[in-house]
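Reading through the structure tokens given below for one structure.
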Amino acid sequence: MLEIIHFTSSTDETVGSQIAGIRESTGGTSYLSFSNYLNGTGIVERMRINGSGSVGIGTTSPTYKLDVKGTTTAHGIRSDMGFDIYPVPNPTAPTGVVSAGGSVDTGAHYYLVTYTTSVGETGSTYTTVTTTAGNNTVTLTIPTSTDPRVTGRKLYRAKAGAAAYNDYYLATIANNTDTTYVDTVADSALTGSAGVSYFRTNTTSNNISMNGVKALNIDANLTSLGVLSAQSITTGGGNSFIGNESGRYTTSGISNTAVGSSSLRTNTTGSQNTALGISAVYSASTATYNTGIGYNSLFYATNSYNTGVGGMALFNITTGASNTAVGFNAGRYISGGSVANQTSGTSVYIGTNAYPLADGGANEIVIGYNAIGNGSNTTTIGTGNVLYVGGSSISGIAARFTNSAGYCDINPLTTSLACTSDINLKKNIVTLDDVEFALQTVPDILSKSVLERINSLTPVNYNWKSEIDGDSKHVGFIAQEMEQLFPDLVSTDEKTGLKSISYSSLTPYLVKAIQEMNLMMVDINNFKPEDIESDTNPWRVALTSWLGNATNKITRIFTGEICLTDEVGDTECINKNELRSLKTLINTSSTASVISPTDTTPVDTTTEVVDITPPVDTITPTDTSSTDPVPTDTQPTPTDTTDTSPTDSVSPVSEPSATSEHPADTSPSPEVITEPTL
């Protein structure tokens, strides 16, 4: 059956347009066509509406509601005002009234509602309802929609005190007419996954598709652009995916960003990931807080907190976490460049081909092109390059090294390495004499000489408080004492208040102390006799005064010879051999002096005769005119003089013994000790 309406020219009925309504067969479908006259070719169909209501332009067999076909760009669709993609609008928030009875837990609850259609579900809106003891029934007033696509509503609820984004499925209202719902469900009855609607993307429109596959979605909780991008999204929200298959399998993951074909492709529930580059963070299905920037960066990462910047950076890392790699292939392999680095953690690799020493390391830092690390808890910089720390703009500490005991600061300004030596960080402190150390206040020491201050220091042995009792002790000083004696060697940390000592800066003071000691020795060696009178050599004055004091308790003097000077300046000296001979002479003379001139009893003839020859000019014979000479025949004769009596010994017969006659005259009184050899 054919019904045609013609529109013709007033001068040529064969030229014009027509609308034709055609039924293709008895009882079959029909279509409506619109045609016009094309010069030289006759009537040509331009648009058709088929029996199912699809409109075809440039085609007689439309498969979409509007199916436009052409062969040039001029056959496309243009809109000066843009295109409005219109999904079902989200509902307004529900309201709730609390009443007695029911099992809803006491506390504040978030209630959320969405609209459902035959193709999807809208985003949600929420309200807060607070229940009290005995009032545990909530009657909700739920909105309806005027959009004919809406077929029902869904309700969600958070447990008492929980955040709105931790909502659980509560109920389905399978119509668009009911306006109330009574909730009596306890929190324990809310099962399944949490966070199922708060971030929900509005899926009531396919937005823009390519070949029947969604290619563009712009919503409050999702922006996706690319074929199969965000294809599986359900409850995840706050995501942005750009690129073919970017975020393709993400379902409930939230706050992810992926830019690049297949970036974050296999992510499902992982959240807070960032992937920029083709296949970046490709395998992070449930991982969180990863950042991959660059082609295939973090490709196999399945754990969290990794950052890879550069093509293939951390490419092979799988279960390793909290790593950072910057540079092409950085952290991809271990030493050797062919075995995958998969399980290392908390490490840093900076530079093209910067590798850890081995897989599974931790706290390893490797910096430099082709640099290879030295294992866990080490820092490797370069491959033989000089390490520069700081810069010309720094005026103080350029570097600090810290461990469990404290820290050491390098300060080029003071040419020092200052390390913590605070008493509050130490224990088991004893002096080097193994006496318990007690911090004392040093009075008025800064006015003293450097040597005196050095002598006031207390070297100690100690353990750090971070060590175990019984560990080997360390040797050093206490900063609080050092600060009193040499304040310029001690610094105090502004934040912690802990004190440090610059041990290297103590060296100049030690040199100065040695110089002061040397000056004292020079003073002693440059002594002149007149210095005592003029008091110009205080060391000599003090020493002389001390030696001349009978209370100095000197028991022995060791010297080459002893010289005695009388008041007129005459000096007489005696050396060791002479003094020994004198002692022998005195002892022998003392034995002889007990014999009276009238006593004829012989002395003990067994007495050993020893060399008693006095040195020349040492023992002066007494006056030969003495009135009581010892008779020759009264002197005892030794029984054996073969080896012990020198041939030149002085005979007591020829000269009377001065010792026995005048003992007080044999030892002149000392006057002044002059220039002893010290």
Do R157 and V129 come within less than 4.5 Å of each other through their side chains, counting heavy atoms only?
no
Do the non-hydrogen side-chain atoms of L190 and L170 ever get within less than 4.5 Å of each other?
yes
With distance as the sole criterion, is a donor-acceptor pair present between the side chains of S224 and N217 under 3.5 Å?
no
Between T201 (side chain only) and T203 (backbone N and O only), is there a donor and an acceptor less than 3.5 Å apart?
no
Under 3.5 Å, is there a donor-acceptor pair linking the side chains of N176 and S145?
no
Within 6.0 Å of OH in Y289, more than 12 heavy atoms from elsewhere:
no
Under a 3.5 Å distance rule, please check whether N273 uses its side chain to pair with a backbone N or O of S271 as donor and acceptor.
yes
Please enumerate all residues that pass ring pair (Phe, Tyr, Trp, His ring centres under 6.0 Å) together with Y181, with sequence neighbours excluded.
none
Can you tell me how far apart CG (L276) and OG1 (T291) are? Round to the nearest 0.5 Å.
8.5 Å
Side chains of N175 and R153: do they bring a donor and an acceptor to under 3.5 Å?
yes
What is the minimum heavy-atom distance between G294 and A280, and which atoms define it?
O-CB, 3.8 Å
For residues 83-101, tabulate all N or O donor-acceptor pairs below 3.5 Å that involve a side-chain atom, not counting sequence neighbours.
from	atom 1	to	atom 2	distance (Å)
N90	OD1	G123	N	2.8
N90	OD1	N202	ND2	3.4

Could you tell me which residues satisfy side-chain hydrogen bond (donor to acceptor under 3.5 Å, both in side chains) with T73, sequence neighbours excluded, listed by chain and number?
none
I'd like to check T144 versus T179 (side-chain heavy atoms, cut-off strictly below 4.5 Å). Are they in contact?
yes
Would you call V213 and Q231 a side-chain contact if the rule is heavy atoms closer than 4.5 Å?
yes
More than 12 heavy atoms from other groups under 6.0 Å of CZ on F34
yes
Is there a side-chain contact between Y333 and N341 (heavy atoms, below 4.5 Å)?
no
Verify the distance criterion only: is there a donor paired with an acceptor across the side chains of N363 and T346 at less than 3.5 Å?
yes
Once salt bridge (Lys or Arg N to Asp or Glu O under 4.0 Å) is applied, what residue pairs with a partner in residues 268-283 remain, sequence neighbours excluded?
none
Measuring from S54:OG to I49:CD1, what's the distance to the nearest 0.5 Å?
10.0 Å
Look at the rings of Y165 and Y198 and say which category their plane angle falls in: under 30° parallel, 30 to 60° tilted, over 60° perpendicular.
perpendicular
Any donor and acceptor pair, going by atom type alone, linking the side chain of N239 with main-chain N or O of N256 inside 3.5 Å?
yes
May I have the step-by-step check of side-chain contact (heavy atoms from CB on, under 4.5 Å) for L32 and I19, ending in yes or no?
CA-CA 7 Å; L32 179 66; I19 299 175; 3.6 Å; yes
N323 (side chain) donor-acceptor with S344 (main chain) under 3.5 angstrom:
yes
Looking only at atom types and distance, does a side-chain atom of N36 sit under 3.5 Å from a main-chain N or O of S17, one as donor and one as acceptor?
no
Rounded to the nearest 0.5 Å, how far does CZ of F401 lie from OG1 of T379?
9.5 Å
Between E45 and T60 (side chain of the first, backbone of the second, donor and acceptor by atom type, cut-off under 3.5 Å), is there such a pair?
no
Under a 4.5 Å cut-off applied to non-hydrogen side-chain atoms, are T114 and Y156 in contact?
yes
Nearest heavy-atom approach of E364 to P356 is OE1-CB, 3.3 Å
In this structure, which one of T266, T318, L298 forms a side chain to side chain contact (heavy atoms under 4.5 Å, CB included) with S283?
T266
Those residues at least two apart in sequence (or on a different chain) that pass salt bridge (Lys or Arg N to Asp or Glu O under 4.0 Å) with D409 are R400
Side chain T250, main chain R248, donor-acceptor under 3.5 Å
no
Can you tell me if S263 and S246 form a side-chain donor-acceptor pair at under 3.5 Å?
no
Considering non-hydrogen atoms only, spot the tightest contact between A354 and G368 and give its length.
CB-O, 3.7 Å
N/O donor-acceptor pair under 3.5 Å between N316 side chain and Q342 backbone:
no
Ring center gap for F315 and Y300 short of 6.0 angstrom
yes
Report yes if some heavy atom in the side chain of T235 is under 4.5 Å from a heavy atom in the side chain of S252; otherwise report no.
yes
Closest approach of N303 to A287 (non-hydrogen atoms, all atoms of both residues):
O-CB, 2.9 Å
Go through T302 and T286 one step at a time and tell me if the side-chain contact (heavy atoms from CB on, under 4.5 Å) criterion holds.
CA-CA 7 Å; T302 58; T286 61; over 6 Å; no
Within residues 122-132 or reaching into it, pairs that qualify as side-chain hydrogen bond (donor to acceptor under 3.5 Å, both in side chains) - sequence neighbours excluded
T132-N135
For the residue pair D359 and T343, confirm or rule out a side-chain donor-acceptor distance under 3.5 Å.
yes
If we count only N and O atoms by modelled type, under 3.5 Å, do the side chains of Y111 and D183 hold a donor and an acceptor together?
yes
Test your reading of the model: is there a side-chain donor-acceptor pair from N136 to the backbone of V104, 3.5 Å cut-off?
yes
Side chains of Y110 and D167: closer than 4.5 Å at any heavy-atom pair?
no
Hey, does the side chain of K465 reach the backbone of N424 with a donor-acceptor pair shorter than 3.5 angstrom?
yes
